[in-house]
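Note that this is a predicted model, so its numbers are computed, not measured. The basis for the numbers below is simple: all heavy atoms, side chains too, and nothing from hydrogens, waters or symmetry mates.
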Amino acid sequence: MKHVRLIRHGESAANAGKASLDHVSIPLTSKGVEQAHLVAELFAQAPTLIVASPFVRAHATAVATVAVFPATPFETWPIQEFTYLEPARCANTTVAQRRDWVRAYWAKEDPAFRDGEGAESFLEFISRAQSFLDRLAEHPAHDIAVFSHGQFINAVAWLVECKPQKIDGQAMAEWREYEITNHVPNCSGYTLSKHPEDAYWTLSSAESRIGIDQRFPGRTYQVTRDPERLPIEEHAQALSAAGCSLSDDDSTMYAEHLLHATRETAPPSEVRDIDGNIPLSAREVCQILREVTFERRTMTKVSLASWDEIYAGHFVVSVEGWRISIYNDCDTLDYCEECVSPEGRRWSFDAGDRFGTDPIALLSTWEHQTLERLLKAL
């Protein structure tokens, strides 16, 4: 049985709303570098082959895993992102600035159209994705880790799942809808599998798709992660700082339960962050957002630009004194960057759940969709 993990690169400068000189050289942000290292920790054993796109952001993400498994062969394949807009026209522009060009391109629904020198047609893009699948099937490696890009990964997934018979205007429109519906977050992706006797690849189910919010392999006590998805070790450290003594055999397994109990009984002065405040938890921030979706709290816009105008970047809102920064990834609700309560308590990706899931990931599917709709309406 052959297994292939398709992993999108970590957060890039373009994902963070910055202008980029070209599609090839866009670097990772500091968060993207951290995400890349988290992905490397998800591997329970060394893959038999590591493959990366030639684009800098995907190659740099792969290098983190290569560093963990230096004996594994590392190859660069033509699995770069779909460059459908003329590169020269896009130089030094942001994702938001290119939005109208993107809409105009997809409105044509012409798979043979090429926007200009250096651009790729949709037909060429899909052909490249199919060639990638053919190369995977022929390669002798049986456990392959592939670091690529969101649109390319979804092109591969679409070919496997939908099996289009003809690449025409309708198929192009259907893929675009598929790509938007199945947005691939940074450092997340799919798993493909294929038995030697099978004619087709099998795509992982939604429940088993790759994501850095998964538990880290090799730690049996993390089969059930705490609701905030923080590393159990951090909970144990917080318990120790709160003066709670843990026995040797359960210092990690029951850390979340004991930490909760300790925080309930300990004086506020015993559990504080570096600013002297009791830190917010991801669950608390999630609850504020959840109350917004049920119209129990009112959300107002702090950012000068609207959600639609930002398109790719941080969007700041206020929920009755709670200041929350939310990341808009190409018009898609992605993650919570930071939250500050009216009393000054703080949660942030960098200082809080940097090894786990953010508050937005704790929302139900309906809550997530409702919050996104409310943000777009501000």
Side-chain ([X]) to main-chain ([Y]) donor-acceptor, under 3.5 angstrom:
X      : Y      : result
Glu109 : Gln170 : no
Ser12  : Ile26  : no
Ser121 : Glu124 : yes
Thr48  : Asp143 : yes
Ser341 : Arg345 : yes
Thr61  : Arg57  : yes
Glu81  : Gln151 : yes
Ser193 : His3   : no
Asp198 : Tyr200 : no
Thr293 : Arg290 : yes

Side-chain heavy-atom pair [X], [Y] within 4.5 angstrom cut-off:
X      : Y      : result
Glu179 : Arg176 : yes
Cys286 : Leu363 : yes
Tyr335 : Glu11  : yes
Met299 : Leu371 : yes
Lys2   : Trp201 : yes
Leu21  : Asn92  : yes
His149 : His9   : yes
Phe315 : Leu333 : no

With a 3.5 Å cut-off and no angle check, do the side chains of Tyr190 and Asn154 form a donor-acceptor pair?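 There is such a pair (donor and acceptor under 3.5 Å, judged by atom type) between the side chains of Tyr190 and Asn154.
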Does the side chain of Thr332 pick up a donor-acceptor pair with the side chain of Asp329 at under 3.5 Å?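 No, Asp329 and Thr332 have no side-chain donor paired with an acceptor closer than 3.5 Å.
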Which label fits [X] and [Y]: parallel for a plane angle under 30°, tilted from 30 to 60°, or perpendicular past 60°?
X      : Y      : result
Trp175 : Phe82  : perpendicular
Trp106 : Phe122 : perpendicular
Phe147 : Phe43  : tilted
His139 : Trp77  : tilted

Is the count of non-hydrogen atoms from other residues, nucleotides or ligands lying under 6.0 Å from [X] atom [atom1] greater than 12?
X      : atom1 : answer
Lys163 : NZ    : yes
Phe113 : CZ    : yes
Arg297 : CZ    : yes

Could you tell me the separation between the [atom1] atom of [X] and the [atom2] atom of [Y], rounded to the nearest 0.5 Å?
X      : Y      : atom1 : atom2 : value
Arg8   : Gln35  : CZ    : CD    : 9.0 Å
Asp115 : Trp101 : CG    : CH2   : 9.0 Å
Leu203 : Asn182 : CG    : CG    : 9.0 Å
Lys18  : Thr29  : NZ    : OG1   : 7.5 Å
Leu374 : Glu295 : CG    : CD    : 7.5 Å
Lys376 : Asp331 : NZ    : CG    : 4.0 Å

Between Ile310 and Val316, is there shared hydrophobic-cluster membership here, with clusters defined by ILVMFWY side-chain heavy atoms closer than 4.5 Å?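 No, Ile310 does not connect to Val316 through the hydrophobic network.
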Same hydrophobic cluster for Ile167 and Tyr105, using side-chain heavy-atom links shorter than 4.5 Å among ILVMFWY?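 Result: yes, single cluster for both.
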What's the verdict on ring-ring contact (aromatic ring centres under 6.0 Å, His included) for Tyr84 and His23, showing C-alpha distance, side-chain angles and the deciding distance? CA-CA 11 Å; Tyr84 54 87; His23 298 305; 8.2 Å; no
Six-ring centre of Phe294, Arg296 cation under 6.0 angstrom, axis tolerance 45°: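 Yes, a cation-pi geometry holds between Arg296 and Phe294.
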Lys/Arg-Asp/Glu bridge criterion (N-O < 4.0 Å) met for Lys31, Asp334: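 No, this pair does not count.
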Hey, is Arg128 close enough to Glu120 for a salt bridge, meaning N to O under 4.0 Å?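 Salt bridge between Arg128 and Glu120, a charged N being under 4.0 Å from a carboxylate O: yes.
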Step-by-step side-chain contact (heavy atoms from CB on, under 4.5 Å) determination, Cys339 to Ile288: CA-CA 10 Å; Cys339 176; Ile288 296 298; 6.0 Å; no
